[in-house]
Amino acid sequence: MEMLSGGDMLIRALRDEGVTTVFGYPGGAALHIYDAIFRQQDVKHILVRHEQAATHAADAYSRSTGEVGTVLVTSGPGATNAITGIATAYMDSIPMVVLSGQVVSERIGEDAFQETDMVGISRPIVKHSFMVRDARDIPEVVKKAYYIARTGRPGPVVIDIPKDITNPFDTYPYEYPEKVKIRSYTPATRGHAGQIKKAVQLMLDAKRPVIYAGGGVVQGNGSELLTDIARKLNYPVTNTLMGLGAYPGSDRQFLGMLGMHGTYEANMAMHHADAILAVGARFDDRVTNAVNKFCPNAKIIHIDVDPASISKTVTADIPIVGAVDSVLSEMLALILESEQKPDASAVKNWWEQIDEWRDNHGIYTAPRYDNSGEKIMPQDVIKTLHEVTGGDAYITSDVGQHQMFAAQYYLFDKPRRWINSGGLGTMGFGLPAAMGVQMAHRDAVVACVTGEGSIQMCIEELSALKQYHLPVKIICLNNQALGMVRQWQDMQYDSRYSESLYEDSLPDFIKLMDAYGHVGIRVTKKEELKAKMEECFAMKDRVVFMDIAVDTSEHVYPMQIAGASMRDMWLSKTERT
């Protein structure tokens with residue numbers, strides 16, 4: 001049996017687990033591990049410029065591939081810098097393993113240099129955590145960590161490793177376990193057959209059905225099955241922010257995103273539905289608005305791999321605990337076998353009502369914003385982005401108005417193409433996320449939609465993009481302010497812009513790109529938008545930053561009215577339902 005040090009064991013275990021890419025940043029407590037990385041060729045390390053960026057890059061790598069993302073950081077500030085990214089992954093159920101160096105075992109608890117209790121600090125925002133006490137445990141701990149991260153409801157796992165455990169002078173026999181079993185951890189796989197039959201019957205009996213799909217459909221590889229079911233039944237589909245791409249965005253049956261900034265037709269259909277098939281969605285507050293007014297006439301089927309998510313917020317009439325792909329596969333088989341078909345007349349009437357809502361107030365049938373002037377409208381930027389990329393790019397985003405415009409107007413026809421921070425709403429996510437996606441898909445078109453505020457939070461990763469030749473395109477909707485904050489201040493605080501404006505402090509992004517060795521393009525005129533965006537994407541081997549001066553006063557609509565039902569929305573600055 002091969003004898004390896006703890007550091008070599010760790011990297012060998014990653015290789016044997018199938019890990020090819022690690023995002024990280026070195027430091028004293030992790031140097032034995034970094035030396036082990038140097039002495040092998042199978043596991044590639046990507047040197048970020050900040051540990052938060054490592055977690056976002058690994059997170060996006062996972063979202064775009066379906067694999068488990070991997071992060072390596074040192075102790076103390078290295079570990080704490082990773083916390084925001086761990087929380088981001090936790091809120092969106094993204095599988096990730098974070099390897100954190102720790103001070104030597106005998107110094108733990110003594111406030112040693114660069115010591116923090118990483119296990120304690122991260123406990124509320126991880127699926128599980130390990131502290132390695134014996135180097136011989138490393139192979140099994142790594143196997144368990146990746147198994148926990150990817151199975152059931154996915155999520156981040158921390159492995160804290162004291163420096164002495166990776167000492168290169170102490171060697172032990174190495175053997176990587178073929179499989180692992182954890183007695184107290186038995187994630188659901190198949191759903192209850194009886195509940196699935198009840199769900200199918202309810203959907204076949206429905207007069208006003210809606211299929212409501214969330215990020216669990218994407219993470220659970222259920223998009224094709226969901227699409228087959230929707231098309232077989234001819235039922236309308238709406239997606240959450242995290243679920244975009246689970247059903248083709250350009251398809252006639254797609255109602256658009258639902259919720260706080262969802263389309264009029266999606267929110268109205270949900271409110272008036274008599275049956276809702278909720279798949280891989282958690283009924284979060286950005287969807288439901290006031291829970292006591294949510295979909296008052298609907299019977300709800302809720303499919304989720306996490307039993308704790310079902311009936312947590314909204315009571316399910318037919319709960320089904322199980323993996324999305326397995327449950328949808330059984331549902332599709334029952335639908336195909338059933339002699340009963342949907343009520344064609346009722347479904348026809350339902351579609352007529354939906355089309356009326358869509359024609360009157362839908363954002364896709366006619367512009368719901370004034371684009372007749374000289375100013376560049378942010379919605380038109382996203383539409384142009386969709387046109388120039390053929391709707392086939394990987395789009396990452398930061399958080400704010402630009403995120404909502406991208407979600408509304410870039411129609412995603414494939415899963416795993418929309419990469420954004422949904423649950424935590426992390427500004428700074430977009431650029432390192434684009435780096436992670438481009439690392440996973442070297443030949444793909446990757447664009448980061450951002451704002452002049454968000455981009456500055458992790459802008460140092462422009463250096464990493466240079467080092468690894470990752471030609472990400474950055475589309476900055478520059479409205480000279482924290483746009484979503486200013487929108488709320490317009491709507492709720494009589495336009496008192498408390499700390500949401502930059503005045504004259506913004507950098508010259510074009511000069512900044514030049515300093516980093518990249519290309520900057522400034523767009524100030526409406527008529528030059530498309531040509532300059534085509535120029536941007538024609539530079540296939542360069543990082544390009546498009547600094548686009550958009551209308552500074554534009555708001556995101558529709559917008560649900562707080563404390564009301566799904567049907568209660570602002571449709572513009574002066575018009576509400």
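Sequence positions, counted from 1, serve as the residue numbers for this chain.
Looking at heavy atoms from C-beta onward, T55 lies out of side-chain contact with T88 at the 4.5 angstrom threshold. Residues P378 and M404 fail the side-chain proximity criterion, which asks for heavy atoms closer than 4.5 Å. No side-chain heavy atom of Y235 sits less than 4.5 Å from a side-chain heavy atom of L277. Taking 4.5 Å as the limit, some side-chain heavy atom of L14 sits within range of a side-chain heavy atom of Y146. Contact of the P471 side chain with the K540 side chain is not registered, since no non-hydrogen atoms from C-beta on lie closer than 4.5 Å. Contact of the M435 side chain with the T396 side chain is not registered, since no non-hydrogen atoms from C-beta on lie closer than 4.5 Å. Taking 4.5 Å as the limit, every side-chain heavy atom of H361 sits out of range of all side-chain heavy atoms of E265. Using a 4.5 Å heavy-atom threshold, the side chains of Q408 and T263 count as separate.
Note that the CZ atom of R282 and the CE atom of M91 stand 5.0 Å from one another [nearest 0.5 Å]. Taking CD1 of I320 as the reference point, atom CD1 of I303 lies at 4.5 Å (rounded to 0.5 Å). To the nearest 0.5 Å, atoms CD1 (I94) and NE2 (H56) are separated by 12.5 Å. One distance of note links OG1 of T240 with CG of L258; it measures 7.0 Å at 0.5 Å rounding.
For D306, the side chain to side chain donor-acceptor pair (under 3.5 Å) partners two or more places apart in sequence, or in a different chain, are R153, S309. A562 meets the side chain to side chain contact (heavy atoms under 4.5 Å, CB included) test with no other residue; sequence neighbours excluded. Considering only residues two or more places apart in sequence or on other chains, A206 meets the side chain to side chain contact (heavy atoms under 4.5 Å, CB included) condition with P209, D274, A275. Partners of A213 by side chain to side chain contact (heavy atoms under 4.5 Å, CB included), not counting sequence neighbours, listed by chain and number: V217, L226, N239. Residues forming a side chain to side chain contact (heavy atoms under 4.5 Å, CB included) with A440 (at least two apart in sequence, or on another chain): Y61, S64, T65. Listed by chain and number, the residues in a ring-ring contact (aromatic ring centres under 6.0 Å, His included) with H128 are F130 (sequence neighbours excluded). Scored by the ring-ring contact (aromatic ring centres under 6.0 Å, His included) test, H271 finds no partners at all (sequence neighbours excluded).
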Apply salt bridge (Lys or Arg N to Asp or Glu O under 4.0 Å) to D251 and R231, showing your working.
-> CA-CA 10 Å; D251 191 86; R231 288 178 173 165; 3.0 Å; yes
T389 and F537: CA distance, side-chain angles, deciding distance, side chain to side chain contact (heavy atoms under 4.5 Å, CB included) verdict = CA-CA 8 Å; T389 60; F537 283 92; 3.7 Å; yes
Start with the C-alpha distance between M559 and M260, add both sets of side-chain angles, then the distance that settles side chain to side chain contact (heavy atoms under 4.5 Å, CB included), and finish with yes or no.
-> CA-CA 5 Å; M559 183 174 180; M260 185 173 186; 3.7 Å; yes
For Y264 and T577, run side chain to side chain donor-acceptor pair (under 3.5 Å): C-alpha distance rounded to whole Å, both residues' side-chain angles, the deciding distance at 0.1 Å, then the answer.
-> CA-CA 9 Å; Y264 180 81; T577 57; over 6 Å; no
Starting from the C-alpha separation in whole Å, work towards a yes-or-no answer on side chain to side chain contact (heavy atoms under 4.5 Å, CB included) for W357 and L255.
-> CA-CA 10 Å; W357 288 328; L255 305 183; over 6 Å; no
I would like to know whether T151 and Y185 meet side chain to side chain contact (heavy atoms under 4.5 Å, CB included); could you show each step before the answer?
-> CA-CA 10 Å; T151 55; Y185 178 66; 2.8 Å; yes
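Sorted by first and then second residue, the ring pair (Phe, Tyr, Trp, His ring centres under 6.0 Å) pairs with a member in residues 382-403 read H386-Y410, Y394-H441; sequence neighbours excluded. Residue pairs satisfying the side chain to side chain donor-acceptor pair (under 3.5 Å) criterion with at least one member in residues 413-424, sequence neighbours excluded, are listed as follows: N221-R416, S250-D413, D392-K414, D392-R417, Q403-N420, S421-T426. For residues 293-332, the pairs satisfying ring pair (Phe, Tyr, Trp, His ring centres under 6.0 Å) are F283-F294, F283-H302, with sequence neighbours left out. The side chain to side chain donor-acceptor pair (under 3.5 Å) contacts involving residues 326-335 comprise R190-E330, where partners must be two or more places apart or lie in separate chains. Pairs engaging residues 432-449 under the salt bridge (Lys or Arg N to Asp or Glu O under 4.0 Å) rule: none recorded [sequence neighbours left out].
Taking each heavy atom of A433 and I419 in turn, the nearest pair found is CB-CG2, 4.4 Å. Considering every non-hydrogen atom in both I86 and M96, the closest pair reads CA-CE, 4.0 Å. K473 approaches C536 most closely through the heavy-atom pair CE-O, 3.2 Å. Nearest heavy atoms, I310 versus A316: CG2-CB, 4.2 Å. Contact record, G243 with V218: O-CG2, 4.1 Å, taken as the closest heavy-atom pair. Of all heavy-atom pairs spanning M569 and N267, the tightest one is SD-ND2, 3.4 Å.
No more than 12 heavy-atom neighbours from other residues, nucleotides or ligands sit within 6.0 angstrom of NZ on K232. Within 6.0 Å of atom NZ in K341, more than 12 heavy atoms from other residues, nucleotides or ligands are found, so the atom counts as buried in its surroundings. Taking a 6.0 Å sphere around CD of E575, one finds it holds more than 12 heavy atoms contributed by other residues, nucleotides or ligands. Counting non-hydrogen atoms of other residues, nucleotides and ligands closer than 6.0 Å to NZ of K299 gives a total of 12 or fewer. Other residues, nucleotides and ligands contribute only 12 or fewer heavy atoms inside 6.0 Å of the NZ atom of K312. Environment of CD in E178: sparse, with no more than 12 heavy atoms of neighbouring residues, nucleotides or ligands closer than 6.0 Å. Environment of NZ in K198: sparse, with no more than 12 heavy atoms of neighbouring residues, nucleotides or ligands closer than 6.0 Å.
For the pair S93 (side chain) and G155 (backbone), a donor-acceptor distance under 3.5 Å is absent. Judged by distance alone, with hydrogens and angles left aside, the side-chain atoms of S454 form no donor-acceptor pair with the main-chain N or O of G428 at under 3.5 Å. Put simply, the side chain of K526 gets close to the backbone of N371: a donor and an acceptor are under 3.5 Å apart.
Between K293 and D568, none of the side-chain N atoms (NZ, or NE/NH1/NH2) sits under 4.0 Å from a carboxylate O, so this pair counts as no salt bridge. Remark: K530 engages E387 in a salt bridge, criterion side-chain N to carboxylate O under 4.0 Å. A salt bridge does not link R486 with D490: none of the charged nitrogens is closer than 4.0 Å to a carboxylate oxygen.
A donor-acceptor contact under 3.5 angstrom links the side chains of S553 and D551, judged on distance only. Side-chain atoms of N234 and R252 include a donor-acceptor pair closer than 3.5 Å.
Between E554 and the choices Q379, Q487, K375, the side-chain hydrogen bond (donor to acceptor under 3.5 Å, both in side chains) rule is met once, by Q379.
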